[in-house]
*Asks:* 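Before anything else, here's the structure in question.
No experiment lies behind these values; they were computed from the predicted model shown.
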Amino acid sequence: MNDTTTEPTPSNFIRNIIDADLESGKHNKVITRFPPEPNGYLHIGHAKSICLNFGISQDYPDATCHLRFDDTNPGKEKSEYIDAIKEDVRWLGFDWADNLHHTSDYFDQLYAYAVELIKKDKAYVDSLSAGDIRLYRGNLTEPGKDSPFRGRSVEDNIALLEGMKKGEFAEGEHLLRAKIDMSAPNINMRDPAIYRIKNMSHPMTGDTWHIYPMYDFAHCVSDAIEGITHSLCTLEFEDHRPLYDWFLDELETPAHPQQIEFSRLNLDYTVMSKRKLHELVEGDFVNGWNDPRLPTLSGMRRRGYTPNAIRDFCSRIGVTKKDNIIEMSVLENSLREDLGENSPRALAVLDPIKLIITNYPEDQDEILAGVNHPKKPEEGMRDIPFSKELYIERSDYMEDAPKKFFRLTEGREVRLRFAYYVTCTHVIKDASGEVTEVHCTYDSQTRGGKSEDGRKVKGTIHWVSAKHAVNAEVRQYDRLFTIAAPASSKEQDYKDFINKDSIHVLKNCKLEASLLEPATAAYQFERQGYFCQDNVDSKAGALVFNRIVTLRDSWAKKK
RNA sequence: UGGGGCGUGGCCAAGCGGUUAAGGCACGGGGUUUUGAUCUCCGCAUCCCAGGUUCGAGUCCUGGCGCCCCAGCCA
């Protein structure tokens with residue numbers, strides 16, 4: 001990873017709070033945590049949280065950030081997700097050192113805390129059905145009412161909970177609830193669930209439990225056990241903060257972390273919820289969690305995004321409590337900046353058409369030199385073979401070209417990058433009128449792409465020697481959705497807005513010979529964009545490149 | 001007409017009562033250029049609205065308006 005250009009992370013309201021807490025002596029060191037539920041793959045929205053939490057641990061003295069798997073629902077979670085999540089966090093460039101935890105590590109303690117609540121008459125076992133509980137809860141404008149089981153004795157409650165734990169009951173038969181206030185205006189405080197029966201085994205604890213704790217109970221207690229100082233989460237948990245604090249106030253926990261909420265990331269032209277991503281993957285709307293069109297970290301990694309670019313993006317968008325939809329161009333700008341700085345250049349023709357230099361010797365070859373990086377001479381030069389028959393981009397020739405078209409048309413002279421000036425004399429067309437060959441003459445005095453007479457050529461185009469070309473498949477990606485906010489339509493399902501044209505496969509691409517070498521890093525194909533070999537489909541002899549992102553194109557804009 | 005949040009330019013985002021309201025992205029225009037890339041220069045808001053406090057308010061107060069979240073034994 002190239003980290004040389006990393007700039008200091010801009011401050012935000014959360015860092016301001018931390019600064020104040022350190023200043024006042026409330027804390028002398030900071031501990032944050034990134035607490036994913038292992039029920040899916042991480043996406044760029046998680047990256048925002050990861051960068052926030054781990055970023056703080058890097059920037060403050062003695063600070064740490066825990067990676068904690070919030071594995072309280074064995075019905076949805078799988079250990080394979082745990083591995084994928086770890087890989088993604090590491091790939092992003094962060095290290096949890098020995099601070100790897102699971103909420104399931106605390107199941108014994110959680111249970112003891114639940115018993116403590118019962119003993120304080122702050123929790124009870126309810127035996128209402130799920131449907132009745134919903135009815136008793138009231139709604140947004142009407143208060144709820146007490147369950148008939150709310151008055152059970154401490155002894156009965158403990159015995160019942162014990163039975164639930166041992167698996168003596170069916171799922172849904174009983175539920176441990178906090179005893180708070182059924183008429184609370186905040187619905188989360190209307191006797192929320194603490195433990196529910198799930199007669200299923202758990203990836204980490206196997207068959208030892210028949211009850212599993214709910215998020216609201218498990219999360220705050222886990223934070224407290226780990227000594228988290230600042231528990232950062234997204235806005236939708238704001239209403240849960242009173243409950244977070246209630247548990248920690250009632251219980252004798254070793255600490256009382258502060259929950260602070262920030263707004264989640266939304267990117268335009270994509271979706272960011274795990275539920276929707278699951279749906280896209282399972283409904284075969286895309287090809288797996290690592291589909292290069294997805295905003296998942298594994299998809300972006302496959303596409304060719306760099307950790308550097310994603311971290312830079314996260315620091316640019318900031319952290320606030322305001323709802324937002326970030327434009328894709330911000331991400332692309334971070335990407336281009338990193339890739340432009342760090343990618344070697346290459347010549348590659350994606351949509352080839354023959355260019356024949358009529359006055360070039362029939363069986364002559366020569367080796368020309370191309371710079372690997374125009375801004376970094378220290379990266380050296382490479383050899384590029386040149387000969388009479390080349391491939392150029394079909395779009396670099398135009399029959400009735402306007403004055404401002406700087407490329408080839410009859411009578412116009414252009415520079416072949418690193419090679420020679422050529423002038424188009426005529427073209428050959430097939431029966432259907434399609435251009436098949438562009439014929440040119442070259443000026444042998446312009447070797448290397450410059451002339452002594454100071455003659456100006458406005459256009460420079462890329463090319464590949466036909467007989468030296470390496471064949472490859474190139475996949476070009478476009479946005480996955482046709483509208484900026486596919487998830488925000490009230491009438492229509494977001495899937496109705498899927499872009500049917502989000503992937504273009506070009507199978508007949510011609511790459512310069514140096515690209516034969518297998519490589520994991522990205523290249524800039526000059527004048528086109530950034531590309532990298534596909535990490536699953538590319539093989540020696542059958543290269544497959546993904547277009548990560550195009551170059552900016554002010555000419556395309558003008559047209 | 002329940003509770004909790006949010007509202008600074010097209011999209012983000014600084015600003016914490018006191019010079020002409022940072023910066024990034026986007027957009028428009030000029031220059032450089034063997035990538036119509038990069039680089040570079042220039043342009044681009046009076047802060048949701050209305051009152052009020054103050055010598056002075058985006059920043060304080062009051063009242064509106066708008067948007068988001070909450071009725072899982074999900075997280």
*Asks:* Could you work out the separation of A37(B) and G29(B) based on their P atoms and round it to a whole Å?
*Replies:* 13 Å
*Asks:* Think Lys322(A) has a side-chain N or O under 4.0 angstrom from the OP1 or OP2 of U8(B)?
*Replies:*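 The answer is yes; a side-chain N or O of Lys322(A) sits under 4.0 Å from OP1 or OP2.
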*Asks:* Using the C1' atom as the point on both nucleotides, what is the distance between C69(B) and U62(B), in whole Å?
*Replies:*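 U62(B) and C69(B) have their C1' atoms separated by 26 Å.
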*Asks:* So which nucleotide does G43(B) pair with, by the Watson-Crick or G-U wobble rule with both distances under 3.5 Å?
*Replies:*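 Pair assignment: G43(B) / C27(B).
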*Asks:* For the C1' atoms, the ones on U19(B) and on C11(B), what distance do you get once it is rounded to whole angstrom?
*Replies:* 29 Å
*Asks:* Can you confirm if the NZ or CZ of Lys321(A) lies within 45° of the ring axis of Phe262(A) and under 6.0 Å from the centre of its six-membered ring?
*Replies:* no
*Asks:* Per the ring pair (Phe, Tyr, Trp, His ring centres under 6.0 Å) rule, which among Tyr523(A), Phe545(A), Phe525(A) passes with Phe531(A)?
*Replies:*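 So the option named by the test is Phe525(A).
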*Asks:* Checking all strands, does Tyr421(A) fall into the base, sugar-phosphate, or nothing category for heavy-atom contacts under 4.0 angstrom?
*Replies:*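 It contacts nothing in the nucleic acid.
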*Asks:* Hunt down the Watson-Crick or G-U wobble partner of C65(B), both distances under 3.5 Å, from any strand shown, or write none.
*Replies:*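 Here C65(B) is engaged in a pair, and the nucleotide opposite it is G7(B).
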*Asks:* Would you kindly give the CG-to-P distance between Asp268(A) and C25(B), to the nearest whole Å?
*Replies:*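 About 16 Å, once rounded to whole Å.
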*Asks:* Report yes if a side-chain nitrogen or oxygen of Thr320(A) is closer than 4.0 Å to either non-bridging phosphate oxygen (OP1 or OP2) of A13(B); otherwise report no.
*Replies:*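 Answer yes for this pair, as a side-chain N or O of Thr320(A) is under 4.0 Å from OP1 or OP2.
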*Asks:* Whole angstrom is fine here: how far is it from CZ in Phe313(A) over to P in C11(B)?
*Replies:* 16 Å
*Asks:* Using the P atoms only, state how far G3(B) lies from G64(B), rounded to an integer number of Å.
*Replies:* 13 Å
*Asks:* Describe, in one word, how the ring planes of Tyr81(A) and His278(A) are oriented to each other, choosing from parallel (under 30°), tilted (30 to 60°) and perpendicular (over 60°).
*Replies:*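 The arrangement is perpendicular - the two ring planes meet at more than 60°.
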*Asks:* Indicate yes or no for a side-chain donor-acceptor contact from Arg33(A) to the backbone of Leu232(A) under 3.5 Å, with no hydrogens or angles considered.
*Replies:* yes
*Asks:* Tell me: CD of Glu337(A) to C1' of G24(B), nearest whole Å?
*Replies:* 10 Å
*Asks:* NA contact type, Arg241(A), heavy-atom cut-off 4.0 Å: base, sugar-phosphate, or nothing?
*Replies:* nothing
*Asks:* Do Glu327(A) and G10(B) share a donor-acceptor pair, side chain to base, under 3.5 Å?
*Replies:* yes
*Asks:* For G36(B), does either OP1 or OP2 sit under 4.0 Å from a side-chain N or O belonging to Thr460(A)?
*Replies:* no
*Asks:* Work out how far the P atom of A45(B) is from that of C55(B), and round it to whole angstrom.
*Replies:* 31 Å
*Asks:* Determine the interatomic distance between C1' on A14(B) and the same-named atom on U59(B); round to the nearest Å.
*Replies:* 13 Å
*Asks:* Which word best sums up how the rings of His101(A) and His66(A) line up, parallel for under 30°, tilted for 30 to 60°, or perpendicular for over 60°?
*Replies:* tilted
*Asks:* Assuming nearest nucleotide by heavy-atom distance, tell me which of Arg447(A) and Ser11(A) is located more 5' along RNA chain B.
*Replies:* Ser11(A)
*Asks:* Rounded to whole angstrom, note down the P distance from A57(B) over to G4(B).
*Replies:* 31 Å
*Asks:* Please evaluate the base of U35(B) for a donor-acceptor partner in the side chain of Gln524(A) within a cut-off of under 3.5 Å?
*Replies:*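 Answer is yes: a donor-acceptor pair is held.
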*Asks:* Tell me, for nucleotides 67-75 of chain B in 5' to 3' order, what letter each nucleotide earns: B for a base near a protein heavy atom under 4.0 Å, S for only sugar-phosphate near one, - for neither?
*Replies:* -SBBBSBSB
*Asks:* Using nucleotides 41-46 of chain B, report all nitrogen or oxygen pairs with the protein that are shorter than 3.5 Å.
*Replies:*
none

*Asks:* With under 30° as parallel and over 60° as perpendicular, where do the rings of His46(A) and His43(A) fit, or are they tilted in between?
*Replies:*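 Ring orientation, 0 to 90° scale: tilted.
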*Asks:* For G23(B), does OP1 or OP2 lie under 4.0 Å from any side-chain N or O of Arg316(A)?
*Replies:*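 No, Arg316(A) has no side-chain N/O under 4.0 Å of OP1/OP2 on G23(B).
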*Asks:* Taking for each residue the nucleotide of RNA chain B bearing the nearest heavy atom, is the 5' side occupied by Asn324(A) or by Arg407(A)?
*Replies:*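 Counting from the 5' end, the first nearest nucleotide belongs to Asn324(A).
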*Asks:* Does G72(B) count as syn, meaning its glycosidic angle lies within 90° of 0, or as anti?
*Replies:*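 What G72(B) shows is a syn base, its glycosidic angle lying within 90° of 0.
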*Asks:* Does the plane of the ring in Tyr111(A) sit parallel, tilted or perpendicular to the ring in Tyr195(A)? Use 30° and 60° as the thresholds.
*Replies:* perpendicular
*Asks:* Just the rounded figure in Å: distance from P of U8(B) to NZ of Lys321(A).
*Replies:* 16 Å
*Asks:* Can you tell me if Ser127(A) and Arg152(A) form a side-chain donor-acceptor pair at under 3.5 Å?
*Replies:*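 There is such a pair (donor and acceptor under 3.5 Å, judged by atom type) between the side chains of Ser127(A) and Arg152(A).
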*Asks:* P atom, A21(B) versus C47(B): distance in rounded Å?
*Replies:* 11 Å
*Asks:* What's the CZ-P distance between Arg336(A) and C39(B), to the nearest Å?
*Replies:* 11 Å
*Asks:* Under 4.0 Å, heavy atoms only, any strand: does Lys557(A) hit a base, just the sugar-phosphate, or nothing?
*Replies:*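 The residue Lys557(A) makes sugar-phosphate contact but no base contact.
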*Asks:* Taking only the side-chain heavy atoms of Leu551(A) (C-beta and beyond), determine which of G4(B), U35(B), G36(B) contains the nearest atom.
*Replies:* U35(B)
*Asks:* Could you state the CD1-P distance from Ile14(A) to A13(B), rounded to the nearest angstrom?
*Replies:* 12 Å
*Asks:* For G2(B), what is the paired nucleotide under Watson-Crick or G-U wobble rules, both distances under 3.5 Å?
*Replies:*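 Base-paired to C70(B).
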*Asks:* Decide whether Tyr215(A) and Glu37(A) meet the rule of one side-chain donor and one side-chain acceptor closer than 3.5 Å.
*Replies:*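 No, no side-chain donor-acceptor pair sits under 3.5 Å.
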*Asks:* Taking the six-membered ring of Tyr212(A) (Phe, Tyr or Trp), confirm whether the NZ or CZ of Lys198(A) is under 6.0 Å from its centre and within 45° of its axis.
*Replies:*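 That pair does not qualify as a cation-pi contact.
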*Asks:* Could you check whether any side-chain N or O of Thr409(A) sits under 3.5 Å from a backbone N or O of Met398(A), counting only pairs where one atom can act as donor and the other as acceptor?
*Replies:*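 Answer holds: yes.
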*Asks:* Tell me the interatomic distance from Asp312(A), atom CG, to G24(B), atom C1', rounded to whole angstroms.
*Replies:*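 Whole-Å distance recorded here is 10 Å.
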*Asks:* Which is true for Pro374(A) with a 4.0 Å heavy-atom rule: it touches a base, it touches only sugar-phosphate, or it touches nothing?
*Replies:* base
*Asks:* Whole angstrom is fine here: how far is it from CG in Leu265(A) over to P in C25(B)?
*Replies:* 18 Å
*Asks:* Under 3.5 Å, is there a donor-acceptor pair between the Thr141(A) and Asn139(A) side chains?
*Replies:*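 Result is yes, a qualifying pair exists.
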*Asks:* Base of U35(B), side chain of Arg345(A) - is there a donor-acceptor contact under 3.5 Å?
*Replies:* yes
